[in-house]
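Data first, discussion second: the structure below is written as structure tokens.
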Amino acid sequence: MMVSNRDRMIQYDDLHFPYCDDVSKYEKLDKIGQGTFGEVFKARHKRSKKVVALKKVLMENEKEGFPITALREIKILQQLKHDNIVKLNEICRTKPVNNAYNRWRSTFYLVFDFCEHDLAGLLSNFSVKFSLGEIKKVMQQLLEGLFYIHSSKILHRDMKAANVLITKSGTLKLADFGLARAFSQRNGQPNRYTNRVVTLWYRPPELLLGERNYGPPIDIWGSGCIMAEMWTRTPIMQGNTEQHQLTLISQLCGTICPEVWPGVESLPLYAAMELPRNHKRKVKERLKPYIRDAHACDLIDKMLTLDPSKRIDADTALNHDFFWLDPLPCDLGTMLSHHTHSMFEFLAPPRRNRHHHHHHHMHHNQQPSQAGGAQSSAGGVGGAGGSVNSVTQSSSGLSHHHQPHSSSSASQGRRHRAAAASVASMSTCPERIF
Ligand SMILES: Nc1ncnc2c1ncn2[C@@H]1O[C@H](COP(=O)(O)OP(=O)(O)OP(=O)(O)O)[C@@H](O)[C@H]1O
Ligand SMILES: [Mg+2]
């Protein structure tokens, strides 16, 4: 049978990449993200005009072909199907060419449904104001996503505001499964997972103390940090080192000791780390100036429980009064329709942590950068001894911060959504951040 050159080319392509289309069917629009793991672009399907996000698979350090970390991310994403988890549509590739640089190697892209915003971008834009009902909707969706992945025996291991996406219609999607892994529970043997996971500011105390037999509570801790950030608009505990992070945690959550956390004394780094003594737990007290809603403070308090075995789980959190008392969770679509441009951490003003020095290779440490400069180390609810630190509203960009609160403490009954939404009103926040 005669085969033309053109046919031969097509056959070559099909044989080598079945089910893996050429990325040139998309046109790149804007760059929207940059991680250690690779770049993320907004792109549009040339024919259907569907808008997607393309996440490049970084191959630079690979000698052994397709990176195992990306394979793990793809495998996990393919397994997860939920409205509050980002949707992976397909994997695409560039056409292999034989020049000095590429030598027949393709670049691969993960193709996701496009989400207009990430939570870090939204929180760093002070014209974006969340009502209490809207904050409830964000946290409810986040916890529903977590409940689903934990029920599917997956740990996210990189919870932070930049990894929480929100579509323009207000649907929240957990993203960035680059550090995620499957976990097993109670098979007799303790697990020995790496503890070099989770961006430092969102890292729970058990990981900082070297625990390797951890589980879903690590993601709940990060979610508690994110929940507080919905009001503070900046990460609450911005440590510079693992030791500093533990100090900030102790100052906010109280001294880490066997009395509140039985067994903590046998964690690998318990003796090696300096754990500040005589600190009372001050989570609610420190958050109160920012968060008037007592149920919100109570839920954050339970998510930031030091002992992971006592920390609230996603299911119990979803049943917390916070979500079931007036004002009820309300749709984010209307609020977001007032913002026509996308907001991403990558595109946000430079005072936020824009550069990420964490690594997706498990043996490396993972930390957010300190692009915020001086205020990064001073910032956070864990400030020493209850004293206010040097970060003023204006220097931290919080001068126009508003926080929602219930106008009447008597209004605890259930109401219609519309009525509930109107209960949330605005007031200015106190002079200084923690
Ligand atoms: N589906 C998407 N829609 C819109 N934006 C996205 C999407 N996926 C990722 N992004 C944007 O790109 C950023 C980086 O993506 P992602 O977190 O998956 O990659 P990463 O390389 O692991 O990043 P990092 O190292 O910063 O955590 C996200 O914070 C988000 O702003
Ligand atoms: Mg990320």
Side-chain angles (χ1 to χ4, degrees), residues 26 28-45 50-61 67 69-70 72-74 76-77 80 82-92 107-125 142 145 156-181 196-203 219 222 226 229 235 336 339 341-349 352-362 364-369 371:
Y26 297 101
K28 278 185 185 171
L29 301 173
D30 309 300
K31 181 166 168 175
I32 52 177
Q34 168 78 70
T36 331
F37 201 43
E39 298 167 295
V40 181
F41 296 91
K42 181 180 181 179
R44 183 168 47 212
H45 192 276
K50 183 185 158 82
V51 177
V52 297
L54 299 178
K55 182 173 173 177
K56 191 176 181 172
V57 175
L58 200 74
M59 304 268 260
E60 252 125 68
N61 306 317
T69 49
R72 187 190 245 182
E73 180 174 10
I74 292 164
I76 288 171
L77 283 164
L80 300 174
H82 189 273
D83 209 34
N84 299 121
I85 306 297
V86 74
K87 182 164 173 273
L88 177 67
N89 292 321
E90 60 174 337
I91 316 295
C92 282
T107 303
F108 291 86
Y109 290 89
L110 275 56
V111 184
F112 295 97
D113 277 356
F114 180 72
C115 303
E116 280 69 21
H117 313 287
D118 72 38
L119 190 55
L122 288 169
L123 291 175
S124 65
N125 185 327
L142 188 151
H156 185 279
R157 304 201 300 181
D158 199 11
M159 291 298 292
K160 59 175 177 176
N163 289 339
V164 175
L165 308 179
I166 301 187
T167 68
K168 67 166 184 282
S169 61
T171 304
L172 176 147
K173 312 270 183 186
L174 295 182
D176 196 352
F177 286 76
L179 278 179
R181 70 158 293 149
R196 312 296 253 173
V197 288
V198 188
T199 302
L200 186 62
W201 297 348
Y202 299 84
R203 201 178 298 166
D219 292 332
I226 293 171
E229 209 172 321
L336 291 173
H339 302 278
H341 63 285
S342 272
M343 284 168 260
F344 294 111
E345 181 185 58
F346 175 70
L347 303 169
R352 275 199 68 89
N353 45 319
R354 282 176 60 186
H355 310 285
H356 297 251
H357 297 316
H358 74 238
H359 302 279
H360 287 266
H361 298 287
M362 297 306 172
H364 287 293
N365 196 3
Q366 189 195 30
Q367 293 191 5
S369 78

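Just so you know, ligand 1 is whichever comes first in the structure, and atom 1 is the first atom listed for that ligand. Residues take their numbers from the sequence shown, with the count starting at 1.
- Looking at heavy atoms from C-beta onward, N125 lies in side-chain contact with H341 at the 4.5 angstrom threshold.
- In terms of polar-atom proximity, defined here as any N/O pair under 3.5 Å, A175 makes no such contact with ligand 1.
- Between C115 and ligand 1, at least one N/O pair is under 3.5 Å apart.
- K55 counts as a contact of ligand 1, since one of its heavy atoms falls under 4.0 Å from the ligand.
- Only the side chain of V86 comes within 4.0 Å of ligand 1, counting heavy atoms alone; its backbone N, CA, C and O stay farther away.
- Among heteroatoms of the N, O or S kind in D176, OD2 lies nearest the Mg ion (ligand 2).
- In terms of polar-atom proximity, D176 is counted as a contact of ligand 1, with an N or O under 3.5 Å from an N or O of the ligand.
- Side-chain contact check for S124 versus E345: every heavy-atom pair is 4.5 Å or farther apart.
- Within the coordination shell of the Mg ion (ligand 2), defined by N, O or S atoms under 2.8 Å, D158 is absent.
- Remark: distances from the non-hydrogen atoms of F346 to ligand 1 are all 4.0 Å or more.
- Taking distance alone, with nitrogen or oxygen atoms compared against 3.5 Å, E73 stays at or beyond that limit from ligand 1.
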The test is ring-ring contact (aromatic ring centres under 6.0 Å, His included); show your working for H156 and F177 and say whether it passes.
CA-CA 6 Å; H156 185 279; F177 286 76; 4.9 Å; yes
